[in-house]
J.: 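Take a look at the following structure, please.
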Amino acid sequence: MQAFHANQLGGGHWGCDPPLPTLRDAFPQVDLMDVLLEDGMASLIQRFVGGLSTVGLPGSVRKDLLRGGGIDYDEHGRAFAREYLLRNYLKARYVLAACAIQPPTSIIDIGCGSGAFIAAVLVHLDQANRSWPWPDRRLPRTTTFRIVLVDQSSLQLELAASLLEWLRPALSTVGFELEMHRADITAGEADALQGLFDLALIGHVATENTERLDVFLSNALATLAPGGEAMVIERSDDPVGQAILSFAEGLALSPIARQVERPSRRFRYASQWLNARQPVVDVHQDVLQAYFRAWRTRSPMLIEQLFAPDADYAINNKLAYRGHDEIQRYWREKVMPQVLLHLNIESSEVLRQGRVRAAWESRFLKGRATTVCGELELEIDTRARRVLGLEEWYTKTPATTLGSS
């Protein structure tokens, strides 16, 4: 389970300097819902919805939804979109108007449904470019996003993709490349997408995963790259909202949850949102620091806790040790005899999800004074927080004895 830090919302701040403006900054004296309804995109989506189905949701299905039950989207997806797509789009636009998002390059919509949330994000960014009175903070013209849609329903994926293609000609400053994955996030079927995205959208899908909410959210947030943002939207009167906050608190967050007021009598439901940020200094740095802590304390026990049972340990491009027994034997022979150890981490960087590099210098007594400079890379299981492999290289410095670390 990864550690995330809540990001301050409102007032135009999204962890960037200078802060990005919000739609409320741009239109402080007008009713935001009037702006959203009259910008032309809502009517465009209404025309899309009008072509979906002439059949409404059965009464029994609607009752199940009101009670928080599930729905067979492959069977009822078109009727559901006919009733809820525009409503959910407007709700997401209204939430986006109340905060400022850092423009991403890659977006994953988890449980995308019929595409309301991702459509709202694209329209929001496009209109920000064309309308906001801050030219120096707009996106480059014709920005192209990578968008990945994930859902368990093939029909929902089809509807979401169709909606985005319907909107594409109206998006004058942003474009997108689209991928679709039919997958169950909770079952780990989208693990190949971990660590790849700047923005993760989680809108009105947590309420359908209440029984395994912690697993669902953990897997969903794992799709973020270091520095990525996640945005969760749920109805304010849905109990899952409090469950999400409790989950966040379990990750030592101070989450920001805001309730969006009901904008008008035309807009029935209020919403709340939670925003979380995956810091660049994350599990990679935690594991790296744990490795150096084991070295400083010269502890084979910590090494056993840190390394996976079948981990590889390579030195100077040669596989030297494999598994706990061999790695611990190396430490007992080469590391534990080091005394008066001074160890400095010169630099570190996350190369990609699951891979971190560090440059280090160590000074110690082992028969005589020794100085060793080197670099290492750790391959990490970010969920288990264990080292799968270590590669280490030494470089000589004047009057230095090499061969151990």
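Just so we're clear, the structure is a prediction, and the values are computed from it rather than from any experiment. Along the sequence shown, residues are numbered consecutively beginning with 1.
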J.: Taking the side chain as every heavy atom from C-beta outward, state whether Tyr291 and Leu390 have any pair of such atoms under 4.5 Å apart.
T.: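 Contact flag for Tyr291/Leu390 side chains = yes.
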J.: Before accepting this row, confirm whether a basic side-chain N of the pair Arg357/Glu349 lies closer than 4.0 Å to the acidic partner's carboxylate O.
T.: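 Salt bridge present between Arg357 and Glu349.
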J.: Decide if atom CZ of Arg355 counts as having more than 12 heavy atoms of other residues, nucleotides or ligands within a radius under 6.0 Å.
T.: yes
J.: Considering all heavy atoms of both residues, which atom of Leu90 and which atom of Ala42 are nearest to each other, and what is their separation?
T.: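 Heavy atoms only, the tightest pair is CD2-CB, 4.3 Å.
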J.: Check Met301 against Gln328 and note the closest heavy-atom contact, atom names and distance.
T.: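 Closest pair (atom of Met301, atom of Gln328, distance): N-NE2, 4.4 Å.
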J.: Quick one: OG on Ser154 to CG on Asp74, what's the gap to the nearest 0.5 Å?
T.: 4.0 Å
J.: So, do Val387 and Val287 sit near enough that their side-chain heavy atoms are less than 4.5 Å apart?
T.: yes
J.: Roughly how far, to the nearest 0.5 Å, is the OG1 atom of Thr223 from the CD1 atom of Ile107?
T.: 12.0 Å
J.: Please enumerate all residues that pass salt bridge (Lys or Arg N to Asp or Glu O under 4.0 Å) together with Arg329, with sequence neighbours excluded.
T.: none
J.: Find the distance between CG (Leu164) and SG (Cys112) and round it off to the nearest 0.5 Å.
T.: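 Those atoms lie 8.5 Å apart.
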J.: Can you confirm whether or not the ring centre of Phe145 sits under 6.0 Å from the ring centre of Phe176?
T.: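 Between Phe176 and Phe145, which both carry aromatic rings, the centre distance is not below 6.0 Å.
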J.: Can you tell me if Arg386 uses its side chain to pair, donor with acceptor, with the backbone of Asp381 under 3.5 Å?
T.: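 Answer holds: no.
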J.: Can you measure from CG (Leu199) to OG1 (Thr105) and round to the nearest 0.5 angstrom?
T.: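 Rounded to the nearest 0.5 Å, the CG-OG1 separation comes out at 10.0 Å.
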J.: Given side chains that start at C-beta, do those of Leu201 and Ile110 come closer than 4.5 Å, heavy atoms only?
T.: no
J.: Hey, what do you get for CZ (Arg352) to NE2 (His284), rounding to the nearest 0.5 Å?
T.: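 Atom-to-atom, Arg352:CZ and His284:NE2 are 8.5 Å apart.
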J.: If only atom types and distance count, is the side chain of Lys91 paired as donor or acceptor with the main-chain N or O of Phe117 below 3.5 Å?
T.: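 No, Lys91 side chain to Phe117 backbone: no donor-acceptor pair under 3.5 Å.
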J.: Under the criterion salt bridge (charged side-chain N to carboxylate O under 4.0 Å, His left out), I'd like the reasoning laid out for Arg78 against Glu158: C-alpha separation, chi angles, the key distance, then a yes or no.
T.: CA-CA 10 Å; Arg78 293 183 184 277; Glu158 176 189 330; 3.2 Å; yes
J.: Without swapping roles, check the side chain of His324 against the backbone of Glu304 for a donor-acceptor pair under 3.5 Å.
T.: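 Side chain of His324 to backbone of Glu304, a donor-acceptor pair under 3.5 Å: yes, one is there.
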J.: Are Phe48 and Ser162 side-chain neighbours, meaning at least one heavy-atom pair lies under 4.5 Å?
T.: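 In contact.
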J.: Give a yes or no answer on whether the side chain of Ser106 reaches the backbone of Leu196 with a donor-acceptor pair at less than 3.5 Å.
T.: yes
J.: Val123 and Tyr89: which non-hydrogen atoms are nearest, and at how many Å?
T.: CG1-OH, 3.4 Å
J.: Might you point out which heavy atoms bring Met336 and Pro300 nearest each other, and give the distance in Å?
T.: SD-CG, 3.5 Å
J.: Would the distance check show the side chain of Asn219 and the main-chain N or O of Ile185 forming a donor-acceptor pair, the cut-off being under 3.5 Å?
T.: yes
J.: If you measure from CG on Leu302 to CZ on Phe307, what distance do you get to the nearest 0.5 Å?
T.: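 Output value for this atom pair is 11.5 Å.
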J.: So, the side chain of Asp151 versus the backbone of Leu157: is there a donor-acceptor pair under 3.5 Å, distance only?
T.: no
J.: Can a side-chain donor-acceptor contact be found between Glu177 and Thr144 if the only test is distance below 3.5 angstrom?
T.: no
J.: Between Leu125 and Thr173, is any pair of side-chain heavy atoms under 4.5 Å apart?
T.: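 A side-chain contact is absent here, since even the closest heavy-atom pair is not under 4.5 Å.
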J.: Run the numbers on Tyr73 and Leu155 for side-chain contact (heavy atoms from CB on, under 4.5 Å), then give the verdict.
T.: CA-CA 7 Å; Tyr73 287 102; Leu155 178 59; over 6 Å; no
J.: Taking Arg363 for the side chain and Thr370 for the main chain, is one N or O donor matched with an acceptor at less than 3.5 Å?
T.: no
J.: Step by step, work out the side-chain contact (heavy atoms from CB on, under 4.5 Å) result for Ile202 and Asp109.
T.: CA-CA 6 Å; Ile202 308 170; Asp109 191 346; over 6 Å; no
J.: Evaluate the ring planes of Trp360 and Trp295, with Trp represented by its six-membered ring, and classify them as parallel (under 30°), tilted (30 to 60°) or perpendicular (over 60°).
T.: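 If you compare the ring of Trp360 with that of Trp295, the planes turn out perpendicular.
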J.: Report yes if some heavy atom in the side chain of Gln285 is under 4.5 Å from a heavy atom in the side chain of Ser348; otherwise report no.
T.: yes
J.: So, the side chain of Asn344 versus the backbone of Glu346: is there a donor-acceptor pair under 3.5 Å, distance only?
T.: no
J.: Just do the side-chain contact (heavy atoms from CB on, under 4.5 Å) check on Ile147 and Leu122 with the steps written out, would you?
T.: CA-CA 10 Å; Ile147 294 176; Leu122 287 176; 3.7 Å; yes
J.: Any idea which heavy atoms bring Val205 and Phe216 closest together, and the distance?
T.: CG1-CZ, 3.5 Å
J.: Strictly below 4.0 Å, N to O, side chains only: are Arg322 and Asp310 in salt-bridge contact?
T.: no
J.: So do the side chains of Tyr84 and His204 get within less than 4.5 Å of each other, counting heavy atoms only?
T.: no
J.: So which heavy atom on Lys366 is nearest to which on Pro337, and how close?
T.: CE-CB, 4.2 Å
J.: Are Trp393 and Glu391 side-chain neighbours, meaning at least one heavy-atom pair lies under 4.5 Å?
T.: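 Yes, their side chains come closer than 4.5 Å.
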J.: Quick check: does any side chain N or O of His181 sit under 3.5 Å from a backbone N or O of Leu149, one acting as donor and the other as acceptor?
T.: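 Here the side-chain-to-backbone pair does not exist.
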J.: Test of understanding: with salt bridge (Lys or Arg N to Asp or Glu O under 4.0 Å), list the residues that count as partners of Asp198, not counting sequence neighbours.
T.: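 Listed in chain order: nothing, the list is empty.
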J.: Check the pair Leu288, Leu376 against side-chain contact (heavy atoms from CB on, under 4.5 Å), reporting the backbone distance first and the verdict last.
T.: CA-CA 10 Å; Leu288 184 66; Leu376 63 81; 3.9 Å; yes
J.: With distance as the sole test, does Glu189 use its side chain to make a donor-acceptor pair with the main-chain N or O of Asp184 at under 3.5 Å?
T.: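 Yes; at least one donor-acceptor contact below 3.5 Å.
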